[in-house]
Asker: 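There's a structure below that I have some questions on.
Side-chain atoms are counted along with the backbone in the values below, which use heavy atoms only and exclude waters and symmetry mates. Worth saying up front: this structure is predicted, and the values here are computed from it rather than measured. We count ligands from 1, going down the list as the structure has it; atoms in each ligand are counted the same way.
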Amino acid sequence: MINKKAFITGVNGQDGSYLAEYLLSLGYEVHGMIRRHSMAENQDSRVTHLTDKIVTHYGDLLDESSIDTILKKITPDEIYNIGAQSHVRISFDIPQFTVKTNALGVLNMLESYRRVCPDAKFYQASSSEMFGNSVDEDGFQRESTPMTPVSPYGCSKLFAYSIVKNYRNSYKLHATNGILFNHESPRRGSNFVTNKVVKTAVQIKLGLSKNLELGNMDTYRDWGHSKDYVKAMHMILNHEKPDDFVVSTMITHSVREMTDYVFKKLDLNYKDYVSENIILKRPEELKYLKGDSTKTRTILGWKPEYTFESMLDEMIEYWLDKFN
Ligand code: G4F
């Protein structure tokens, strides 16, 4: 068992909650930061089952003093900065909040980390959205692919990625980036496309809904499972040399193919229920993602256990259970 203390921002998110479970299973003392919301049950809904096992602290990436106070109190060995405004389309509606949280918020974390506990190791949740529409000739994005983001979210994440590298080099910190491609699970927010499709398809199957409106169905994403990806986060942070790693399945599917798979699993034809609504499209779209995670697989020995199909099957089962 590992006798260490970990601090996770965004512990109440999909990844934060799976990461907390994973670190607990390894023997860690787990601390998480949660933000105060007006609805009490939203503050820790994904970690209520861990109430007795983890320590939560109120704080905010935009409130430097709260980060300082928490880090001084815990003196963690490992810091996972996963908290963010993580919805790409919504980043067009609230660009300034997105940039403050995802860019300045990371700088706030790094400054506290540098001053309070510089011997800790730091993981930053970087994103494949940073690549924008840049693709290498062989159809993959990898660590060396130029980054040309096409959303306020992507731009904010590129700043964060860059400042982490800058702090690593300037202050000799063990600060790392995981460049994660899309990753899903039953805990995914239902305004992200996979869980929106699965949840609504199940509702249609059970007569609880009649139709599904989507935005662009002809974009491609490399979708993995969050449970596999949090293990990669732990490996990246614990690699002896602080570095940047792509985490992906190396397989891509369109939103249309994903929708077709989910409806077929429920013996439905998506064409009878799904329509495209321009309101759900983005002002600028990232069309195609397929990540080359060879470096992560070779150096760290990581590989995913879930497939695209087993991940969607698990999500379908979850919603069938929930509504039945
Ligand atoms: O599920 P999405 O909203 O995920 P997106 O934008 O790729 O971002 C996710 O992955 C990133 C990694 O690359 C993360 F950094 C980020 O935090 C987030 O987790 O949309 C996927 C695709 C897009 O092309 C979108 O235009 O699905 C398309 N789409 C079509 N109809 C839709 C919808 N997306 C959403 N959310 N809702 C729709 O109705």
Asker: Can you find a non-hydrogen atom of Glu184 under 4.0 Å from ligand 1?
Answerer: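 No; Glu184 lies far enough from ligand 1 that no heavy-atom distance drops under 4.0 Å.
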Asker: At what distance is the nearest protein heavy atom to atom 24 (O) of ligand 1, and which residue and atom is it?
Answerer: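 Nearest neighbour among protein heavy atoms for atom 24 (O) of ligand 1, to 0.1 Å: Thr219 OG1, 2.8 Å.
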Asker: Find all atoms of ligand 1 within a distance of less than 4.0 Å from any non-hydrogen atom belonging to Leu289, and give their numbers and elements.
Answerer: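 Answer for ligand 1: 13 (O).
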Asker: Out of Lys287, Arg89, Arg282, whose heavy atom sits nearest atom 6 (O) of ligand 1?
Answerer: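 When every heavy atom of Lys287, Arg89, Arg282 is considered, Arg282 comes closest to atom 6 (O) of ligand 1.
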Asker: Hydrophobic clustering (ILVMFWY, side-chain heavy atoms < 4.5 Å, transitive) - are Leu23 and Phe122 grouped together?
Answerer: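 Phe122 and Leu23: separate clusters.
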Asker: I'd like to know if Arg188 contacts ligand 1, where contact means a heavy-atom distance under 4.0 Å to any ligand atom.
Answerer: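 Right, Arg188 reaches ligand 1.
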Asker: Taking the side chain as C-beta and beyond, is there a heavy-atom pair between Ile54 and Leu24 under 4.5 Å?
Answerer: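 Yes; the side chains approach each other to less than 4.5 Å.
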Asker: Of all the atoms in ligand 1, which lie at a distance below 4.0 Å from a heavy atom belonging to Tyr153?
Answerer: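 The atoms of ligand 1 under 4.0 Å from a heavy atom of Tyr153 are 14 (C), 15 (F), 16 (C), 17 (O).
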Asker: Could you tell me, atom by atom, which parts of ligand 1 come under 4.0 Å of a heavy atom of Ser86?
Answerer: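 Atoms satisfying the 4.0 Å criterion: 16 (C), 17 (O), 18 (C).
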Asker: Please state which protein non-hydrogen atom is closest to atom 26 (O) of ligand 1 and give its distance, to 0.1 Å?
Answerer: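 Minimum-distance protein heavy atom for atom 26 (O) of ligand 1 reads Glu285 OE1, 2.6 Å.
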Asker: So does Asp244 pair up with Arg168, basic N to acidic O under 4.0 Å?
Answerer: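 Salt bridge flag = yes for Arg168 with Asp244.
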Asker: Pick, from Val88, Asp15, Leu212, Asp222, the option with the minimum heavy-atom distance to atom 8 (O) of ligand 1.
Answerer: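 It is Val88 that holds the nearest heavy atom.
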Asker: Among all the protein's non-hydrogen atoms, which is closest to atom 15 (F) of ligand 1, and how far away is it?
Answerer: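 In this structure, atom 15 (F) of ligand 1 has Ser127 OG, 2.5 Å as its nearest protein heavy atom.
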Asker: Residue-level breakdown please: for Lys157 versus ligand 1, do any non-hydrogen atoms fall below 4.0 Å on the side chain, on the backbone, on both, or on neither?
Answerer: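 No part of Lys157 comes within reach of ligand 1.
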Asker: Within the structure, does Gly215 bring an N/O atom to less than 3.5 angstrom of an N/O atom in ligand 1?
Answerer: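 Gly215 vs ligand 1: N/O contact under 3.5 Å present.
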Asker: Answer yes or no: does an N/O atom from Val193 fall short of 3.5 Å to an N/O atom of ligand 1?
Answerer: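 There is such a contact, yes.
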Asker: Run the numbers for me: atoms of ligand 1, each under 4.0 Å from some heavy atom of Leu214, listed by number.
Answerer: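 In order of numbering, the contacting atoms are 31 (N), 39 (O).
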Asker: Given Asn191, Thr200, Asn216, Leu280, which one has a non-hydrogen atom that is nearest to atom 30 (C) of ligand 1?
Answerer: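 Selected option, by shortest heavy-atom distance: Asn216.
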Asker: Any idea which protein heavy atom is nearest atom 13 (O) of ligand 1, and the distance to it?
Answerer: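 Result: Ser128 OG, 2.5 Å.
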Asker: Among all protein non-hydrogen atoms, which one is nearest to atom 23 (C) of ligand 1, and what is the separation to 0.1 Å?
Answerer: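 Looking at atom 23 (C) of ligand 1, the protein heavy atom closest to it is Arg221 NH2, 3.4 Å.
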Asker: Can you tell me the protein heavy atom closest to atom 4 (O) of ligand 1 and the distance?
Answerer: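 Closest protein heavy atom to atom 4 (O) of ligand 1: Asn182 ND2, 3.5 Å.
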Asker: Could you go through His57 and His31, starting from their C-alpha distance and side-chain angles, then the distance that decides it, and tell me whether this counts as ring-ring contact (aromatic ring centres under 6.0 Å, His included)?
Answerer: CA-CA 7 Å; His57 306 261; His31 296 255; 5.1 Å; yes
Asker: Flag Thr194 as yes when one of its N or O atoms lies below 3.5 Å from any N or O atom of ligand 1, and as no otherwise.
Answerer: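 Not met; the criterion fails.
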Asker: Look at Glu213 together with Lys281 and state whether they make a salt bridge at an N to O cut-off of under 4.0 Å.
Answerer: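 Salt bridge flag = no for Lys281 with Glu213.
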Asker: Does some side-chain heavy atom of Ser86 sit less than 4.5 Å from a side-chain heavy atom of Phe192?
Answerer: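 In contact.
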Asker: Quick check for you: to the nearest 0.5 Å, what is the distance between Ser293 atom OG and Gln141 atom CD?
Answerer: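 So the gap between those two atoms works out to 12.0 Å.
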Asker: Anything under 30° is parallel, anything over 60° is perpendicular, the rest tilted; go ahead and classify Phe323 against Trp319.
Answerer: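 Aromatic pair Phe323/Trp319 classed parallel.
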Asker: Check this for me: Gln96, atom CD, are more than 12 non-hydrogen atoms of other residues, nucleotides or ligands nearer than 6.0 Å?
Answerer: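 Incorrect, the count does not exceed 12.
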Asker: Answer yes or no: is there a side-chain heavy-atom contact under 4.5 Å between Trp223 and His183?
Answerer: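 Result no, sub-4.5 Å side-chain heavy-atom pair not found.
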Asker: With heavy atoms only and a cut-off of under 4.0 Å, state how His87 meets ligand 1: side chain, backbone, both or neither.
Answerer: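 Answer for His87: side chain.
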Asker: Taking 4.0 angstrom as the limit and counting only heavy atoms of Glu129, give me the atoms of ligand 1 inside it, by number and element.
Answerer: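 Within the 4.0 Å cut-off of Glu129, ligand 1 contributes 13 (O).
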Asker: Does a side-chain N-to-carboxylate-O contact under 4.0 Å join Lys4 and Glu78?
Answerer: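 Salt bridge: yes.
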Asker: List ligand 1 atoms under 4.0 Å from Val255, heavy atoms only on the residue side.
Answerer: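 By the 4.0 Å cutoff, the relevant atoms are 22 (C), 27 (O), 28 (C).
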Asker: So for ligand 1, is Lys196 a polar contact partner (N or O within less than 3.5 Å, distance only)?
Answerer: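 Yes - when backbone and side-chain N and O of Lys196 are compared with those of ligand 1, one distance drops under 3.5 Å.
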Asker: Is atom NZ of Lys295 surrounded by more than 12 heavy atoms (other residues, nucleotides or ligands) closer than 6.0 Å?
Answerer: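 Above 12, so yes.
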Asker: Does a side-chain N-to-carboxylate-O contact under 4.0 Å join Lys165 and Glu143?
Answerer: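 Salt bridge: no.
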Asker: Can you tell me which residue among Lys53, His49, Lys227 is in a side chain to side chain donor-acceptor pair (under 3.5 Å) with Glu21?
Answerer: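 The passing option is His49.
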